[in-house]
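For clarity, every value in this text was computed on a predicted model and none was experimentally measured.
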Amino acid sequence: MIHDVAVVGAGPNGLMLACELALAGIRPVVLERLPERSPVQKANGLVGQVIRLLDHRGLYEPLGGPGAPQPVPRFVFGAFPLELHRLDDNPLHALPVPQHRIEEVLEVRARELGITARHGCEVTGLAQDGAGVTVDYRGPDGSGQLRARYLVGADGGRSTVRKLAGIGFPGVTSPDPVSRIAHVLLPGDVRTTGTGEFLLPGFATPVRPFTHTRTEHGVLVLAPFGPDATMVATLEWGGPPADESSPLTLDELRASVRRVTGADLALAPARTPGPFTPRRQVGHNTRLAERYRQGRVLLVGDAAHVHAATGGPGLNLGLQDAANLGWKLAAHLRGWAPSGLLDSYHRERHPVGERVFMHSQAQMALMSPGPGTTAVRALFGELLAHEDNLGRIAALMAGSDIRYDTDCPHPLAGRFVPDLALSTAAGPSRIAELTRSGRPLLLDLTGGELAGQAAGWKDRVDGIAADCAEPPAGALLLRPDGYVAWACEVGGADPDGLTLALRTWFGEPRT
């Protein structure tokens, strides 16, 4: 038996890719090295455009509750508070939800789509030829082998798939900072202000929750995930050597908090059920794969890029990798992809990885101790007082400044589609509610005049006519990953431009 796609890794990115492929009619096989989902707490939330992407798939509600995602009024960049409520058009969404919950929701969706990961299967070798990839693995019943037309590595920063495919992973490795993280119960002498800031005994600066507080000795983060579980994290540069052979203890974290802030906190274990695994990380890696595709092997998520977690860009980057690749790989396998579509995965996503590579390093530099950094921060703070600069940083963190190349001159072309309130024949709706199928969508706001224009693509492109109180365009052609492939001005149909876009992104029409 030959599978269409084998996905290695059943973390959030691998599961998201499997779901995207299944929506497009491709049933992948998923191999996961671990015998069961890891209990180790990793990411603590989602930040950026990925939240709207999950809304497009109906996955936001089980993570964030009913209703549409709303921008956050405040966030942080390099330990600077971002007062985003000052912006007329705030692009940044954030959702505090632990990674294990994200994986639970994606596992449920995968099972609904008929996909179950094979746990306990570790890839040990691969060989590719012109027709497919042969994968060797070691599983619960011994060694095995499978054959797939394409193989996708979603197996993390130490990706076996990337190494076996011979894809370089250049970047920067630094011995600093040392980060320490644990979920704890704060002592009773820690007070909160009426605005929710923490007052620590022995530390004069109020600590805003879910943000980075920089001192001349390091960085402190306090993130309350419930009344009996607060995440306490520190970053230290040039501190005492860390014993990497032993697990992090609360006494070690307490000593780190004392060095960074001067506050001596009697930390106790969290009373809320976990998984809450104290963890320590010495130094950080910022690395980016030289290419996201090597023949029939492709990479998504941390297998393609690793970076500091500051600002939470990891899942925003990785899950959108999966959404970008899923529909393109499925189109290639189903035979309607135009020439070069699969190669556009690297062309579009690699520069996005480079931007995260850049701003994650910039944030670490802005948080490091020293008078030179303090002077740079003073200047940077002045720049952030101007709303245009604040908006640029917010768009950078959200990923909303991404614009893919298209042949369409409309301002929305190449960007993630805005969330529009619509009126359709079936009643009121939002764009996010019209894209749950994961298929391309032609949204006609001209009264149905364009329906016949896309008739040759109706086997792969859905068409919906709708009214919008303040339409940003006369019509929008959406890719499955939520980005606008083509748009026309209000009052102008541009049939030639629509036909070109349909051919460019979705192949030749059926005759």
Side-chain angles (χ1 to χ4, degrees), residues 19-26 49-50 52-60 68-69 320 322-331 334 336-338 341 344 348 403-404 406-408 410-468 471-490 493-495 497-510:
C19 292
E20 291 294 291
L21 288 167
L23 286 174
I26 302 297
Q49 294 284 84
V50 66
R52 294 202 49 229
L53 169 66
L54 294 175
D55 188 30
H56 278 224
R57 294 296 183 266
L59 295 169
Y60 172 76
Q320 288 201 81
N324 187 290
L325 175 61
W327 72 274
K328 294 175 179 177
L329 184 53
R334 299 187 67 186
W336 57 258
L341 182 67
S344 74
E348 290 184 342
R403 184 172 186 180
Y404 296 141
T406 71
D407 292 320
C408 177
H410 194 279
L412 287 179
R415 299 191 182 279
F416 199 90
V417 64
D419 195 17
L420 303 176
L422 304 169
S423 177
T424 71
S429 187
R430 297 184 297 120
I431 279 185
E433 296 169 342
L434 302 178
T435 56
R436 301 288 160 84
S437 68
R439 284 167 56 87
L441 174 67
L442 175 60
L443 180 64
D444 189 350
L445 305 176
T446 67
E449 298 176 9
L450 295 175
Q453 189 75 24
W457 290 268
K458 66 180 180 180
D459 61 313
R460 72 205 79 147
V461 179
D462 292 335
I464 296 179
D467 293 321
C468 180
L476 298 163
L477 179 63
L478 305 185
R479 304 180 348 173
D481 57 358
Y483 284 81
V484 178
W486 167 89
C488 67
E489 299 295 339
V490 176
D494 185 21
L498 174 58
T499 298
L500 175 62
L502 287 164
R503 291 180 182 274
T504 298
W505 295 103
F506 310 122
E508 295 299 314
R510 291 187 65 180

field: Ile431/His56 under side-chain contact (heavy atoms from CB on, under 4.5 Å): CA gap, chis, key distance, verdict
entry: CA-CA 8 Å; Ile431 279 185; His56 278 224; 3.9 Å; yes

task: Give the C-alpha distance, both sets of side-chain angles, the deciding distance and a yes or no for side-chain contact (heavy atoms from CB on, under 4.5 Å) between Lys328 and Leu341.
output: CA-CA 6 Å; Lys328 294 175 179 177; Leu341 182 67; 3.9 Å; yes

message: Working note: Gln320 + Tyr483, criterion side-chain contact (heavy atoms from CB on, under 4.5 Å); need CA distance, chi angles, decisive distance, verdict.
response: CA-CA 11 Å; Gln320 288 201 81; Tyr483 284 81; 3.1 Å; yes

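Atom-to-atom distance recorded for Arg439:CZ and Leu434:CG is 13.5 Å, nearest 0.5 angstrom. Here CG of Leu477 is found 11.0 Å from CG of Asp444. Values are rounded to the nearest 0.5 Å. Summarising the geometry, atom CD belonging to Gln49 is positioned 12.0 Å from atom CG belonging to Asp55; distances are rounded to the nearest 0.5 Å. Taking CG from Leu500 and OG1 from Thr406, the interatomic distance works out to 9.5 Å, rounded to the nearest 0.5 Å. With rounding to the nearest 0.5 angstrom, the CZ atom of Arg479 is 14.0 Å from the CG atom of Leu441. For the atom pair OG1 of Thr435 and CG of Asp462, the computed distance is 10.5 Å after rounding to the nearest 0.5 Å.
Of all non-hydrogen atoms in Leu23 and Ser437, the two that sit nearest each other are CB-O, 3.7 Å. Closest approach of Pro480 to Gly438, counting heavy atoms only: CB-O, 3.2 Å. For Leu422 against Cys468, the heavy-atom pair with the smallest separation is CD2-CB, 3.9 Å. Heavy-atom minimum distance, Ala485 versus Cys408: O-CB, 4.2 Å. Closest of all the heavy-atom pairs between Gln453 and Thr499 is NE2-OG1, 2.7 Å. For Trp486 against Asp494, the heavy-atom pair with the smallest separation is NE1-OD2, 3.1 Å.
Counted within 6.0 Å of CZ on Arg430, heavy atoms from surrounding residues, nucleotides or ligands total more than 12; the atom is thus considered enclosed.
A 4.5 Å side-chain heavy-atom check between Leu502 and Pro509 finds every atom pair outside the cut-off. For the pair Ile26/Leu329, no side-chain contact is recorded, criterion being any heavy-atom separation below 4.5 Å from C-beta on. The shortest distance between side-chain heavy atoms of Leu442 and Phe506 does not fall below 4.5 Å. At a threshold of 4.5 Å between non-hydrogen side-chain atoms, the residues Cys488 and Leu498 do not count as touching. Pro411 places a side-chain heavy atom less than 4.5 Å from the side chain of Glu489.
At least one donor-acceptor pair under 3.5 Å links the side chain of Arg52 to the backbone N or O of Val417. Side chain of Trp457 to backbone of Gly507: a donor-acceptor contact under 3.5 angstrom is found. Without hydrogens or angle criteria, Arg57 side chain to Glu20 main chain gives no donor-acceptor distance under 3.5 Å. Here the side chain of Arg403 pairs a donor or acceptor atom with the backbone of Ala413 at under 3.5 angstrom. Panel note: side chain Arg436, backbone Ala432; a donor-acceptor pair is recorded below 3.5 Å.
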